[in-house]
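Computation of the quantities below employed the complete heavy-atom set of this structure, encompassing side-chain atoms and omitting hydrogens, waters and symmetry-equivalent molecules. Treat the numbers as computed from the prediction; the structure is a model and nothing was measured. Ligands are counted one by one from 1 in listed order, and the atoms in each one are counted from 1 as well.
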Amino acid sequence: MTKLRVYEYAKRNHITSRQVINKLKEMDIEVSNHMTAIDENVIRQLDQVFGKNQQTQKIKRDHQKRQKRTPSQQNKGSNKTNQKEKGTKSGQSKANGNGIKSPKMEPTSKVMNDEKIDVKSKKGKGNSVQSKMKEEKKSDQEYRPKENKVFKKKQKGKGAQKQKQENAQSQQQKKEKELPKKITFTESLTVHELAKKLHLEPSEIIKKLLMLGVMATINQSLDADTIELIASEYGVEVEEKVKVDMTDLEAYISKDDSEKNLIERPPVVTIMGHVDHGKTTLLDHIRHSKVTQLEAGGITQHIGAYQVEIDGKKITFLDTPGHAAFTTMRARGAKVTDITILVVAADDGVMPQTVEAINHAKAANVPIIVAVNKVDKPTANPDRVMQELSEYGLIAESWGGDTIFVPISALTGEGVDQLLEMVLLVSEVEELKANPNRKAYGTVIEAELDKGRGSVATLLVQNGTLKIGDPIVVGNTFGRVRAMVNDLGRRVKSAGPSTPVEITGLNEVPQAGDRFVVFDDEKTARQVGEARAQKALQENRNETARVSLDKLFDQMKQGDVKELNIIVKADVQGSVEALSSSLQKIDVEGAKVNIIHTGVGAITESDILLATASNAIIIGFNVRPTTNAKRMAESEKVDIRLHRIIYKAIDEIESAMKGMLDPEYEEKVIGQLEVRTTFKVSKVGTIAGCYVMEGKVTRNSGVRLIRDGIVIYEGEIDSLKRYKDDVKEVAQGYECGVTIKNFNDIKEGDTIEAYIMEEIRRS
Ligand SMILES: Nc1nc2c(ncn2[C@@H]2O[C@H](COP(=O)(O)OP(=O)(O)OP(=O)(O)O)[C@@H](O)[C@H]2O)c(=O)[nH]1
């Protein structure tokens with residue numbers, strides 16, 4: 001025999017938990033409630049009390065149940081016979097281990113027939129019964145607890161009054177719905193909700209709970225265990241439904257795009273590169289030469305993205321130079337870019353932001369096409385660019401690599417067509433496809449509040465076709481697509497895959513990088529949008545789980561982190577290299593270090609963005625974050641580790657990966673001492689005769705010597721004495737002699753502050 005919980009024992013023996021609890025208390029056995037487990041010995045002792053009565057109890061219960069269900073039978077005088085019959089039946093069901101059965105599951109056909117006859121006969125009685133029922137409109141629960149007594153008394157009693165009363169009760173019970181076979185719930189139910197599902201009065205549930213030792217009110221929420229327990233008391237099955245997160249937008253995107261529905265879609269291209277290398281000039285050139293040329297006289301408008309057509313094929317450009325669009329979106333979890341054009345000025349070569357751009361693109365796994373710009377300049381040296389980029393793994397095809405290099409002049413337009421052709425070529429290789437015949441989803445490129453039009457958002461349709469009137473959820477906003485304008489400023493009715501469009505009709509302004517999904521109906525869109533807005537309000541956006549060294553080991557154990565992405569910033573290139581190569585050599589089973597970006601100089605906002613987008617930590621060696629970067633790191637919860645000694649930085653990372661990070665310490669001041677006199681002893685140095693003003697001082701304390709409010713020295717105690725004896729500790733109100741290691745400039749009137757370093761739990 002194993003352990004049983006009180007309620008399980010009670011159920012097994014057909015008694016109430018309360019009875020078991022009371023008996024256990026009588027037996028001086030500690031028990032807190034119906035969930036308390038009782039062991040074999042106790043079960044045996046209980047069996048001696050309840051076991052014998054088991055059969056009797058069972059018969060009593062069956063009797064009660066029958067009375068509840070078919071009181072009319074008693075009137076007919078068939079009660080006794082039925083009781084016997086049913087007693088036997090219940091006995092069988094018990095032998096089957098079914099426990100308490102719901103009334104509905106037990107009635108014999110005879111009982112049912114009797115009931116039918118009974119009801120009919122009552123109907124015949126017409127209004128008298130009805131009015132009686134009204135008169136005695138007491139709910140069933142008033143009878144139930146005392147049922148046995150009530151019925152017995154009533155049976156004994158004489159007269160039509162009682163007869164009618166019983167008939168009325170029977171009628172009432174007939175009216176009552178039968179117990180359900182099964183109930184379902186999500187997470188929890190209140191007493192009221194459970195009662196409703198079980199077709200019972202809440203007071204009945206409350207009583208049941210009380211018998212199980214639980215005090216509950218009608219609005220009290222019951223957990224899954226309690227719901228199951230109560231339902232099992234009535235023989236009702238329970239099914240807990242897992243709550244679907246209605247705020248998860250991805251869940252609304254059907255993933256059943258079969259290959260046959262997919263057709264080629266235009267690539268989405270971002271232009272990146274160092275300051276002044278010609279990004280804007282290139283974007284402008286493409287737009288003006290291609291767009292306006294196609295749409296003679298058309299007014300191009302800035303909607304954050306535009307499309308051009310080359311040989312009948314379209315290319316979508318994200319019209320935000322620099323990394324801003326790319327990285328902010330990626331930092332927010334959106335992947336929109338298919339191809340990156342890396343612009344490098346041939347007269348300037350690879351510069352810090354070029355490297356950053358390479359690392360951003362690599363981290364996002366986006367193919368790079370190099371546009372070697374400004375080749376029209378006499379000082380242009382494309383070979384040098386190729387040479388320099390090869391150091392970053394971008395090797396030109398002509399040099400045996402697989403990176404496409406196109407020499408261009410964004411100013412004159414030379415080579416730009418070839419560049420666009422290359423974009424189409426890469427796009428073909430990437431096999432970019434989408435299904436235009438489905439509901440659209442995609443990402444917000446830009447959004448703003450327009451005085452006249454309200455919330456205006458530029459969306460990039462990534463799959464499907466967006467149409468006017470579509471019910472839509474965009475980030476935490478929702479609405480119906482009221483109007484759509486394309487990159488040429490024209491009103492359109494629909495927008496297919498890779499098309500940027502500006503829409504109005506949203507209730508609020510979404511954010512760049514937000515996901516949008518089209519819904520079947522406006523009602524669901526509204527519900528989801530509102531639920532998302534509510535959720536966003538509740539949870540601090542910054543709480544997103546970013547990798548942090550303190551939690552790294554746990555995150556690794558949970559399988560959340562398998563690669564530790566690191567950004568290394570240092571004061572000189574030599575340190576960057578030394579630190580990076582040492583970090584890469586760290587060998588911890590099940591995890592590896594992945595240096596995603598390195599650089600010389602302060603930690604900037606761009607580093608934080610990359611860390612956010614790639615879930616990386618930043619190691620700063622002899623450098624500090626800029627004020628803005630620091631603020632951003634705090635809000636984005638990016639872990640920055642600053643070091644001055646290389647091996648310490650490596651140790652820290654290795655320990656974190658092994659789950660052996662040294663404990664963190666916090667300083668705790670334990671006492672204040674006043675220097676009342678000093679003695680100079682040749683071999684020892686200056687001895688300070690002190691008085692412990694506050695707290696205490698211990699032999700192993702750290703000390704700070706303070707003079708006129710200024711910390712003169714910070715160090716360790718060399719000796720702590722009372723009279724001639726070395727002591728471990730001197731408490732408040734006592735005098736002592738103190739010497740400080742390697743420090744003798746102690747003066748009368750100085751204050752010595754004693755502190756210890758206390759280990760604090762890592763969060
Ligand atoms: N000669 C020559 N000059 C160019 C070329 N492309 C750009 N420039 C010039 O280089 C300067 C910088 O160009 P931008 O397009 O503003 O460079 P950017 O990369 O967008 O610069 P930021 O927006 O500051 O990052 C401008 O004066 C351009 O006219 C080119 O192909 N040839």
> Should you measure from each heavy atom of A410, which atoms of ligand 1 turn up under 4.0 Å away?
Replying inline: 6 (N), 30 (C), 31 (O)
> Are a donor atom and an acceptor atom from the side chains of T604 and D607 found within less than 3.5 Å of each other?
Replying inline: yes
> Should G278 be counted as touching ligand 1, given the test is an N or O pair under 3.5 Å?
Replying inline: yes
> Looking at V343 and N373, what are the two nearest heavy atoms and their distance?
Replying inline: CG1-CB, 3.8 Å
>> E264 and salt bridge (Lys or Arg N to Asp or Glu O under 4.0 Å): which single residue from K433, K313, K314 fits?
In response: K313
>> Using a 4.0 Å cutoff against the non-hydrogen atoms of H277, which atoms of ligand 1 qualify?
In response: 17 (O), 19 (O)
> For ligand 1, is there an N or O atom under 3.5 Å from any N or O atom of D276?
Replying inline: yes
> Is the closest N or O pair between V275 and ligand 1 shorter than 3.5 Å?
Replying inline: no
>> Quick test of your reading of the structure: of D347, T281, D284, whose heavy atom lies closest to atom 26 (C) of ligand 1?
In response: T281
> Under a 4.0 Å heavy-atom limit, does K377 contact ligand 1 with its side chain, its backbone, both, or neither?
Replying inline: side chain
>> Tell me whether R532 is salt-bridged to D514, with the criterion being a basic N under 4.0 Å from an acidic carboxylate O.
In response: no
> Between E530 and Q534, is any side-chain donor less than 3.5 angstrom from a side-chain acceptor?
Replying inline: no
>> Does either side chain, that of E508 or that of S455, offer a donor lying less than 3.5 Å from an acceptor on the other one?
In response: no
> Based purely on interatomic distance, does L282 place a nitrogen or oxygen under 3.5 Å from a nitrogen or oxygen of ligand 1?
Replying inline: no
> Which pair of non-hydrogen atoms, one from L342 and one from A357, has the smallest distance, and what is that distance?
Replying inline: CD1-CB, 3.7 Å
> Just which atoms of ligand 1 are under 4.0 Å from any heavy atom in D376?
Replying inline: 1 (N), 2 (C), 30 (C), 31 (O), 32 (N)
> With a cut-off of 4.0 Å, which atoms of ligand 1 are near a heavy atom of H274?
Replying inline: 19 (O)
> With a 4.0 Å heavy-atom cut-off (strictly under), which part of T412 contacts ligand 1: side chain, backbone, both or neither?
Replying inline: neither
>> Under a 4.0 angstrom heavy-atom cut-off, which atoms of ligand 1 come close to S409?
In response: 30 (C), 31 (O), 32 (N)
>> Looking at E388 and R384, is any side-chain nitrogen of the basic one under 4.0 Å from a carboxylate oxygen of the acidic one?
In response: yes
